A.B. asks: 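Below is the structure I would like to discuss, written out as structure tokens.
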Amino acid sequence: MTFPRTRPRRLRRSETLRSMVRETRLSRDDLILPLFVVEGSGVREPVVSMPGVFRHSVDQLVLECKETRDLGIPSVILFGIPTAKDARGSGADAADGITQRAVEAVKREVSDLCVITDVCLCEYTDHGHCGIVQDEEVLNDPSVARLAETALSHARAGADIVAPSDMMDGRVAAIRTILDENGFEQVAILSYAAKFASAFYGPFRDAAESTPAFGDRRAYQMDPPNGREALREMRLDLEEGADALMVKPALPYLDILAAAAREFDVPLAAYHVSGEYSMIHAAAERGWIDGPRAMHEATIAIKRAGADWILTYAAKDLARDLSA
Ligand code: PBG
């Protein structure tokens, strides 16, 4: 049957009809809020390149997490930013490190919030790379050992899920092994499996002070043109023991997300990263787009493509709009 008997517009005539035929709905349960934690107390410092995003000290972070939970958001992912940095990222796995203290406090005060930790070295190393460096090269296996120790220290602090974001080969297996050997067989691994060497991480590196002092991350993060390779990375991480997989960034990589949703049967996360978030805010500030609508449209597109979990700096705004 074709026009004029077929008229797709019939089911778009009112908000009631549109809501009856809506195929994808955003839920608060889909959202994970990324949070930055710094030393000190009473700190709530705006990140200039990310409107609405702050760097919190542990006491303020706890308040932020309570508010997040009260909005119905089930989970946060924590990024620790230490004051002291060195070549091996000693702060990353220190029992009293910034991330470890943050996890302990949040799990103590907001126990039903699912706490995910970003496992990486770039926030802790003085050179800003995600691993151990020798002659300007990031060495894989020594980095994996440090990342495994870091994940274990996060589990000891009470993390529910650890999320390695470094892109070293073999880190998921090493983390699974060290967690199991130490009685943390119930701590899950969300692998940043298909993480691309992206220009969209710019504002995050301001927030996390993790811009590489030399070179870039293209020798470990993925090359943006590669789709098949992304599926291979994801398959490898599943074989190594990942419980959930991530694609990052989100909007420029929806093809990979959609392919992964068809291919794998584990929860799939997508990270709507700092640059994606800040672009929407920058355009909205100029009056060029409707910021909240654009943010919602971007987020629902990520869900439609196949994401079960969406990491987004707009999680609180989205949750508020959902209850409105
Ligand atoms: C750490 C890490 C990065 C992001 C998440 N974890 C930065 C990077 O790889 O340079 C980016 C997140 C964002 O841009 O919002 N390795």
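Predicted, not measured: the structure shown is a model, and the values here were computed from it.
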A.B. asks: Supply the atom-to-atom distance Cys65 SG to Leu78 CG, rounded to the nearest 0.5 angstrom.
C.D. replies: 6.0 Å
A.B. asks: Quick one: which residue pairs count as a ring-ring contact (aromatic ring centres under 6.0 Å, His included) with a foot in residues 15-39, not counting sequence neighbours?
C.D. replies: Phe36-Phe79, Phe36-Phe204
A.B. asks: For Ala301 and Leu254, work out which heavy atoms get closest and say how close.
C.D. replies: O-CD1, 4.1 Å
A.B. asks: In the structure I gave you, are the side-chain heavy atoms of Leu245 and Asp237 within less than 4.5 Å of one another anywhere?
C.D. replies: yes
A.B. asks: What pairs of residues pass the salt bridge (Lys or Arg N to Asp or Glu O under 4.0 Å) test when at least one of them lies in residues 299-310, not counting sequence neighbours?
C.D. replies: Asp30-Lys303
A.B. asks: Specify the closest pair of heavy atoms between Leu238 and Ala242, including all atoms of both residues, with the distance to one decimal.
C.D. replies: CD2-O, 3.5 Å
A.B. asks: Find out whether Ile310 and Ile32 are in side-chain contact, i.e. whether some heavy atom of one side chain is under 4.5 Å from a heavy atom of the other.
C.D. replies: no
A.B. asks: Just checking, any donor-acceptor pair under 3.5 angstrom between side chains of Ser153 and Gln100?
C.D. replies: yes
A.B. asks: Measuring only between side-chain heavy atoms, which start at C-beta, is Arg28 closer than 4.5 Å to Leu71?
C.D. replies: no
A.B. asks: Write out all pairs satisfying salt bridge (Lys or Arg N to Asp or Glu O under 4.0 Å) with one or both partners inside residues 238-257, taking only residues at least two apart or from two chains.
C.D. replies: Arg176-Asp243
A.B. asks: CD1 of Ile175 to NE2 of His154: how many Å apart, nearest 0.5 Å?
C.D. replies: 10.0 Å
A.B. asks: Do Tyr124 and Thr99 touch side chain to side chain, with heavy atoms closer than 4.5 Å?
C.D. replies: yes
A.B. asks: Which heavy atom of Ala155 sits nearest to which heavy atom of Leu179, and what is that distance?
C.D. replies: CB-CD2, 3.6 Å
A.B. asks: Which residues pass the side-chain contact (heavy atoms from CB on, under 4.5 Å) test with Glu276, sequence neighbours left out?
C.D. replies: Phe200, Pro249, Ala250, Leu251, Pro252, His272, Val273
A.B. asks: Within the side chain of Arg69, is there an N or O that forms a donor-acceptor pair under 3.5 Å with the backbone of Ile73?
C.D. replies: yes
A.B. asks: Using 4.0 Å as the upper bound for N to carboxylate O, is an ion pair formed by Glu209 and Arg55?
C.D. replies: yes
A.B. asks: Arg18 side chain to Arg12 main-chain N or O, any donor-acceptor pair under 3.5 Å?
C.D. replies: yes
A.B. asks: Is the backbone of Asp169 close enough, under 3.5 Å, to the side chain of Asn140 for a donor and an acceptor to pair up by distance?
C.D. replies: yes
A.B. asks: First locate atom CG of Leu268, then atom CH2 of Trp309, and finally report the distance between them rounded to the nearest 0.5 Å.
C.D. replies: 10.0 Å
A.B. asks: Between atom NZ of Lys195 and atom OG of Ser165, what is the distance when rounded to the nearest 0.5 Å?
C.D. replies: 4.0 Å
A.B. asks: How many angstroms lie between CE in Met295 and CG in Asp290, if you round to the nearest 0.5 Å?
C.D. replies: 11.0 Å
A.B. asks: Counting distance only, does the side-chain N/O of Ser111 pair as donor-acceptor with the main-chain N or O of Lys107 below 3.5 Å?
C.D. replies: no
A.B. asks: Under 3.5 Å, side chain of Arg262 to main-chain N/O of Leu257, donor-acceptor pair present?
C.D. replies: no
A.B. asks: I'd like to check Val37 versus Ile81 (side-chain heavy atoms, cut-off strictly below 4.5 Å). Are they in contact?
C.D. replies: no
A.B. asks: Taking only residues two or more places apart in sequence or in another chain, which ones pass side chain to side chain donor-acceptor pair (under 3.5 Å) with Glu229?
C.D. replies: Asn226
A.B. asks: Does some side-chain heavy atom of Ile98 sit less than 4.5 Å from a side-chain heavy atom of Val38?
C.D. replies: no
A.B. asks: If you look at every heavy atom in Ser143 and Val138, which pair is closest and at what distance?
C.D. replies: OG-CG1, 4.0 Å
A.B. asks: Keeping to residues at least two apart or across chains, list the salt bridge (Lys or Arg N to Asp or Glu O under 4.0 Å) pairs with something in residues 265-274.
C.D. replies: none
A.B. asks: For the pair Arg235 and Glu263, evaluate salt bridge (charged side-chain N to carboxylate O under 4.0 Å, His left out) and give the outcome as yes or no after the intermediate values.
C.D. replies: CA-CA 9 Å; Arg235 205 170 298 120; Glu263 181 103 358; 3.0 Å; yes
A.B. asks: Which is it for Arg22 and Glu15 under the salt bridge (charged side-chain N to carboxylate O under 4.0 Å, His left out) test, yes or no, and what are the steps along the way?
C.D. replies: CA-CA 10 Å; Arg22 196 155 289 144; Glu15 180 47 31; 3.3 Å; yes
A.B. asks: Can you tell if the side chain of Leu113 reaches within under 4.5 Å of the side chain of Lys66, non-hydrogen atoms only?
C.D. replies: no
A.B. asks: Identify the two heavy atoms, one from Ala270 and one from Ile302, that lie closest to each other, and give their separation to 0.1 Å.
C.D. replies: CB-CG2, 3.5 Å
A.B. asks: Name the atoms and distances for all side-chain donor-acceptor pairs under 3.5 Å in residues 126-134, with sequence neighbours left out.
C.D. replies:
from: Asp126; atom 1: OD1; to: Ala87; atom 2: N; distance (Å): 3.4
from: Asp126; atom 1: OD2; to: Ala87; atom 2: N; distance (Å): 3.4
from: His127; atom 1: ND1; to: His129; atom 2: N; distance (Å): 3.1
from: His127; atom 1: NE2; to: Ala87; atom 2: O; distance (Å): 3.0
from: His129; atom 1: ND1; to: Tyr220; atom 2: OH; distance (Å): 2.7
from: His129; atom 1: NE2; to: Phe214; atom 2: O; distance (Å): 2.9

A.B. asks: Could you check whether Ser41 and Asp59, counting side-chain N and O atoms only, form a donor-acceptor pair closer than 3.5 Å?
C.D. replies: no
A.B. asks: If you define the side chain from C-beta out and look only at heavy atoms, does anything of Pro142 sit under 4.5 Å from Leu139?
C.D. replies: yes
A.B. asks: Could you list the residues that satisfy side-chain contact (heavy atoms from CB on, under 4.5 Å) with Phe54, not counting sequence neighbours?
C.D. replies: Arg44, Pro46, His56
A.B. asks: Using the test side chain to side chain donor-acceptor pair (under 3.5 Å), find all partners of Arg218 that sit at least two apart in sequence or belong to another chain.
C.D. replies: Asp216
A.B. asks: Please say whether more than 12 non-hydrogen atoms of neighbouring residues, nucleotides or ligands are located less than 6.0 Å from CZ in Arg25.
C.D. replies: yes
A.B. asks: By the definition side chain to side chain contact (heavy atoms under 4.5 Å, CB included), identify the one residue from Thr117, Leu121, Val162, Asp166 that meets it with Thr150.
C.D. replies: Leu121
A.B. asks: Mind checking the CG-CZ spacing from Leu322 to Arg320? Nearest 0.5 Å is all I need.
C.D. replies: 11.5 Å
A.B. asks: With Tyr192, which residues qualify under ring-ring contact (aromatic ring centres under 6.0 Å, His included), at least two apart?
C.D. replies: none
A.B. asks: Considering non-hydrogen atoms only, spot the tightest contact between Ala163 and Ile116 and give its length.
C.D. replies: CB-CG2, 3.8 Å
A.B. asks: Would you please name every residue forming a side-chain contact (heavy atoms from CB on, under 4.5 Å) with Ile300, sequence neighbours left out?
C.D. replies: Thr24, Leu26, His296
A.B. asks: Scan for salt bridge (Lys or Arg N to Asp or Glu O under 4.0 Å) pairs involving residues 87-103, sequence neighbours excluded, and state none if there are none.
C.D. replies: Glu39-Arg101, Asp93-Arg146
A.B. asks: Between the main-chain N or O of Ser49 and the side-chain N or O of Ser278, is there a donor-acceptor pair closer than 3.5 Å?
C.D. replies: yes
